[in-house]
2 protein chains.
Amino acid sequence: MDKQSIWSIDKWENELSRSGCRITRPRRVILNIIAASSRPLTPMEIFDQARAVTPNIGLVTVYRTVEKLEGLKLIDRVHHLGQCQTVFRGTRGHQHLLVCTECGRSAYFDGLEAEKQFTTIGNSHGYKITGHWLQLSGLCQECQKKETT
Amino acid sequence: MDKQSIWSIDKWENELSRSGCRITRPRRVILNIIAASSRPLTPMEIFDQARAVTPNIGLVTVYRTVEKLEGLKLIDRVHHLGQCQTVFRGTRGHQHLLVCTECGRSAYFDGLEAEKQFTTIGNSHGYKITGHWLQLSGLCQECQKKETT
DNA sequence: GTGCTTGCAAATTCTTTGCAACTTT
DNA sequence: AAAGTTGCAAAGAATTTGCAAGCAC
């Protein structure tokens, strides 16, 4: 677990209690798993990892915790392999995701200059732009190596 | 149904038969519904509309037809309201989608200059970019009017 | 103690599969 | 006639809900 993860967990727990939620053991476990992951995870994957730590945790708790974290914008929903139930730790400020199509390893990159164009594009179609979704996909370093092997 | 839709349907039927598929009545109905829609539709929505025309059509046929159309890239999967099973007629050339968060009305816009940056962004993280997903959301003209009402 | 959480079991919802009858080419 | 397609019913997944017992604050 890197510095960033630790940083996230503290922040997440603060956010959670600030919004009236309780910090329970199952939640702490789920938080840690998501924060430590280098790739987006499905509810089931989170559940499996969580069970290794707390065998009697319920899948339902995963769903409910994920829902809460998403509501607080602490995690993001990611498009990956036709799934959109996978989640990844949220962006800090204005960033977008870069996902490896092979292994799922993900990284954030900063917003583009281009985003300024979005309003203009919207206008030309009569839309008032309120948001955008941008995600790049490709092969991470590891998976590029495997390709050539 | 506008010109664009008619144009799509002819093209779609050509593509379908060219890939060894048969043009059947249920398929024609589904094709027409998707081509004529100004917003992304879920399998169930397509089914409901189709039933109005062919009461004994099966939901299964919708799933199977959608799968086929998607495989031929004639329709695109769209992110809308947490769903990613909704589909919309495909892009022509290099375009991206603009979706109304209220009513779903959608339009395509041309690719951005900015896309040239994507490769560079990828490189700086060690990724080899193979694709990107960009979708804008906002309020369409109709829904902006309703807001002020 | 109060009120949020948990895990279980059951209920829903969504999607896929097996198959015999039926169309398209 | 051959090969792809259809709709039904059933199977399988994925997700949500009701609820009594259990914790966090």
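Keep in mind the model is a prediction, meaning the values are calculated, not measured. First the proteins, then the strands, lettered A, B, ... as listed; each starts at 1. Heavy-atom basis, side chains included; hydrogens, waters and symmetry copies ignored.
- In this entry the distance linking CG of B:Leu16 with C1' of D:dT5 reads 12 Å, nearest Å.
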Full working for side chain to side chain contact (heavy atoms under 4.5 Å, CB included) between B:Thr61 and B:Thr24: CA-CA 11 Å; B:Thr61 304; B:Thr24 62; over 6 Å; no
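- In this structure, a donor-acceptor pair under 3.5 Å is absent between the side chains of A:His79 and B:Gln135.
- Computed from coordinates, the B:Arg51 CZ to D:dC8 P distance equals 10 Å when rounded to whole Å.
- In terms of position on DNA chain D, the residue among B:Ile23 and A:Gln85 whose nearest nucleotide sits closer to the 5' end is B:Ile23.
- Under the 4.5 Å side-chain heavy-atom criterion for ILVMFWY residues, a single connected hydrophobic cluster contains both B:Trp12 and B:Leu41.
- For A:Arg22, the side-chain atoms get nearest to D:dA24 when compared with the rest of C:dC8, D:dA24, D:dA14.
- Atoms OH (B:Tyr63) and C1' (D:dA14) sit 12 Å apart, rounded to a whole Å.
- For B:Leu59, the listed nucleotide lying nearest its side chain is C:dT15; candidates were D:dG7, C:dT15, D:dT16.
- Rounded to whole Å, atom P of C:dA21 lies 17 Å from atom CG of B:Asn56.
- Under a hydrophobic clustering in which Ile, Leu, Val, Met, Phe, Trp and Tyr are joined whenever their side-chain heavy atoms come within less than 4.5 Å, directly or via other members, A:Val99 and A:Phe109 fall into different clusters.
- What separates CZ of A:Arg28 from C1' of C:dT5 is a distance of 14 Å, to the nearest Å.
- The distance from atom CD of B:Glu45 to atom P of C:dC14 is 11 Å, rounded to the nearest whole Å.
- Rounded to an integer number of Å, the gap from B:Glu70 CD to C:dT15 P is 12 Å.
- For B:Arg18 and B:Glu15, the salt-bridge test passes: some basic side-chain N is under 4.0 Å from an acidic carboxylate O.
- Below the 3.5 angstrom threshold, one finds no donor paired with an acceptor across the side chain of B:Arg64 and the base of D:dG4.
- Residue B:Thr24 places at least one side-chain N or O under 4.0 Å from the OP1 or OP2 atom of D:dT6.
- The separation between B:Glu67 atom CD and C:dC14 atom C1' is 15 Å, rounded to whole Å.
- Between C:dT6 and A:Arg27, a contact under 4.0 Å exists linking OP1 or OP2 to a side-chain N or O.
- Residue A:Lys68 has no polar side-chain atom (N or O) positioned under 4.0 Å from OP1 or OP2 of C:dC4.
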